[in-house]
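Every chain is numbered from 1, with letters handed out A, B, ... down the list of sequences.
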2 protein chains.
Amino acid sequence: MSSPTLADVASLADVSENTVSRVIRDKGYIAPATRKRVNEAIRKLGYVPNRAAGSLASSSSAIIGVILPSMSNIVFPEVLRGIHAGLAGTHYQPMIGVTDYDLKKEESLISSLLAWKPAAIITTGCEHTAAARRMLKNSTVRVGELMDIDHRPIDLAVGLSHLEAGRSAARHLIGRGYAKIGYVGHDWNADKRAHARYLGLVEGLRQAGLVLSEENRTNGPSSTLAGKAALAELLSRAKTIDAVVFSNDDMAVGGYMHCMAAEIAVPETLALFGFNGLEIGQTLPKPLSTILSNRFAIGKTAVELLLANSERNKKPQIVDTGFSILEGSTA
Amino acid sequence: MSSPTLADVASLADVSENTVSRVIRDKGYIAPATRKRVNEAIRKLGYVPNRAAGSLASSSSAIIGVILPSMSNIVFPEVLRGIHAGLAGTHYQPMIGVTDYDLKKEESLISSLLAWKPAAIITTGCEHTAAARRMLKNSTVRVGELMDIDHRPIDLAVGLSHLEAGRSAARHLIGRGYAKIGYVGHDWNADKRAHARYLGLVEGLRQAGLVLSEENRTNGPSSTLAGKAALAELLSRAKTIDAVVFSNDDMAVGGYMHCMAAEIAVPETLALFGFNGLEIGQTLPKPLSTILSNRFAIGKTAVELLLANSERNKKPQIVDTGFSILEGSTA
DNA sequence: CTGTTAGCGCGTTCAT
DNA sequence: ATGAACGCGCTAACAG
């Protein structure tokens with residue numbers, strides 16, 4: 001009734017359990033004939049190794065713990081896609097948790113994931129509770145902190161400098177001759193990286209002797225709907241601005257929709273600039289001017305580096321996956 | 001160096017391992033005083049239970065295996081979001097695999113997930129290899145097959161009838177007076193449900209004495225870009241059609257973009273109809289007419305039903321999460 | 001190249 | 001209300 005075990009395979013193939021185990025894990029030399037016998041027994045019995053037992057015996061597992069702040073923001077599914085791509089062809093399985101941007105939840109997820117003795121834990125950003133940081137530091141699993149490289153990681157950070165991305169946005173707009181620049185954003189508590197980009201933007205403007213003309217931030221998460229409404233509200237107050245930087249593409253696409261509905265010429269009357277380089281922005285009648293963040297590459301690179309070495313680096317490693325300006329036609 | 005075990009906690013709290021285990025799992029009566037001592041010891045040591053050991057001993061685990069065909073299609077991250085929502089507050093952890101629409105890959109994922117003795121396995125659709133079906137049938141874990149209810153499930157199916165959704169699209173357009181209807185779609189091999197909707201559409205038209213005027217299918221997966229190009233191509237051949245049904249919203253949004261660029265009045269000159277009810281479609285200057293599929297509800301409902309009972313139903317259970325027409329302004 | 005011997009850390013069963 | 005003994009299925013270390 002219950003599933004066959006190593007012992008069943010061993011007795012059918014007339015070898016020791018150990019030999020079966022070796023065949024399965026492809027470890028050490030096995031006589032071709034025995035290997036064949038064992039494989040046949042495995043097939044005949046429909047044997048599937050019990051990972052829990054293996055994990056207990058070896059105190060390690062082929063699990064990759066993945067902790068994401070959200071699944072609603074398209075960016076994270078894309079990171080997850082990169083992680084999957086990096087995992088393809090290996091026998092590692094991702095085990096996923098979602099924090100909803102709650103550091104306490106992250107802490108408890110880290111603890112449950114650690115309970116499975118994963119090969120690595122991948123999480124987001126640099127902010128963790130003290131307890132979470134301690135658990136990660138004390139454990140020996142590899143740790144990847146994604147998206148953001150403006151900090152010193154526990155083991156490995158992969159991402160881009162959001163501060164620098166903000167500065168680049170400023171430089172781009174200034175280079176195009178825009179001077180009265182506004183900002184439309186979403187909630188920074190839930191998204192520190194959006195805040196970092198904002199700070200970079202302000203700094204970039206300051207270096208050119210400019211300041212942000214006007215800004216409007218919504219309370220909730222980013223969305224096209226929120227961006228549409230928030231731009232409308234901003235423009236009702238500030239009619240003289242000539243460009244708007246959005247916290248990300250979702251918001252910017254919403255802004256574009258507002259301009260279309262309100263018949264505002266983009267970019268002649270108002271220029272729009274986003275962040276992320278989502279496909280939808282590039283499908284607009286005028287492709288959105290934005291910054292391409294390499295979400296997919298971030299996930300994939302992180303996995304590859306993490307799996308390349310089972311031991312942590314002596315010195316924390318930082319990998320910059322960079323970003324690039326998509327010129328577009330809206331700014 | 002290595003993490004503390006039950007035994008460490010037990011000796012610190014001066015009780016037997018067994019008592020500690022009971023406290024942790026909240027099973028049986030424990031004297032308040034001992035419970036307190038144990039909890040303090042746990043905290044002091046930073047004890048985290050080893051799940052692999054627990055799982056081995058109990059031959060069960062709090063893992064939910066989730067198998068998705070793709071992470072690129074926004075629909076599946078949304079299902080995953082629903083799954084997470086259903087799992088919130090429980091101690092279950094999703095373990096995820098992605099098949100890339102490859103049934104062989106699904107088979108091997110099922111086998112690796114089964115190796116962890118999960119509480120349930122959630123997968124997509126009704127199509128599986130014979131071996132995969134056998135593994136699922138023979139195991140005792142609960143099995144949820146999502147998205148599609150036009151088939152007899154192994155244990156539980158949650159989703160909607162795509163055939164019926166297609167018929168509804170036909171009825172809606174006919175009711176609005178459209179008669180020369182075209183179809184723009186993506187690759188059906190990768191998406192049997194899109195095919196089912198197509199069949200429903202054709203059937204719905206036939207019942208009204210109509211036929212599809214013209215159709216165009218791309219080879220790759222759905223995307224706004226593909227939809228844009230495919231509609232352009234279709235219109236170059238068939239200038240007299242008055243409405244187009246798309247395989248889904250991604251394609252339809254692309255079609256909308258083409259109409260904007262080509263200055264085709266929607267819906268006056270050409271009506272557009274999608275499927276899924278994605279947010280982006282509703283943000284267009286004219287909200288997309290489409291059918292809302294409840295991806296989130298599908299994931300959440302499935303998890304809730306699966307966890308409600310650790311034993312399989314004697315009879316396969318089918319749950320229809322339904323769909324609804326979003327009237328929109330494009331058809 | 002293969003077998004033997006010992007656990008891994010926990011849950012279960014039976015006592016008390 | 002608590003403890004003792006056993007074994008889950010596998011891998012590791014050492015023989016040979």
Of Ala52(A) and Tyr29(B), whose closest DNA chain D nucleotide lies nearer the 5' terminus? Tyr29(B)
Do Glu107(B) and Lys104(B) meet the salt-bridge criterion of a basic N to acidic O distance under 4.0 Å? yes
Once you round it to whole Å, what is the distance between P of dG7(D) and CG of Leu56(A)? 16 Å
How would you label the contact of Ser59(A) with the nucleic acid (heavy atoms, under 4.0 Å): base, sugar-phosphate, or nothing? nothing
When you compare the protein's N or O atoms with those of nucleotides 11-14 of chain D, which come within less than 3.5 Å of each other, and at what distance?
residue	atom	partner	partner atom	Å
dT11(D)	OP2	Ser21(A)	OG	2.5
dA12(D)	OP2	Arg25(A)	NH1	2.9
dA12(D)	N6	Asn18(A)	ND2	2.1
dA13(D)	N6	Asn18(A)	ND2	2.9

Could you tell me whether Asp26(A) and Arg35(A) have a side-chain N and a carboxylate O separated by less than 4.0 Å? yes
Does Lys300(A) come within less than 4.0 Å of Glu304(A), counting only side-chain N to carboxylate O? yes
Shoot me the first and last contacting nucleotide of DNA chain C against chain B, ordered 5' to 3', at under 4.0 angstrom to non-hydrogen atoms. dG9(C) to dT13(C)
d(Met135(B) CE, Ile154(B) CD1) to nearest 0.5 Å is 10.0 Å
Does either side chain, that of His151(B) or that of Glu127(B), offer a donor lying less than 3.5 Å from an acceptor on the other one? no
With distance as the sole criterion, is a donor-acceptor pair present between the side chains of Thr19(A) and Ser16(A) under 3.5 Å? yes
Main-chain N/O of Thr301(B) paired with Thr321(B) side-chain donor or acceptor, under 3.5 Å: no
Does Asp100(B) reach the main-chain N or O of Asp102(B) with its side chain, forming a donor-acceptor pair under 3.5 Å? no
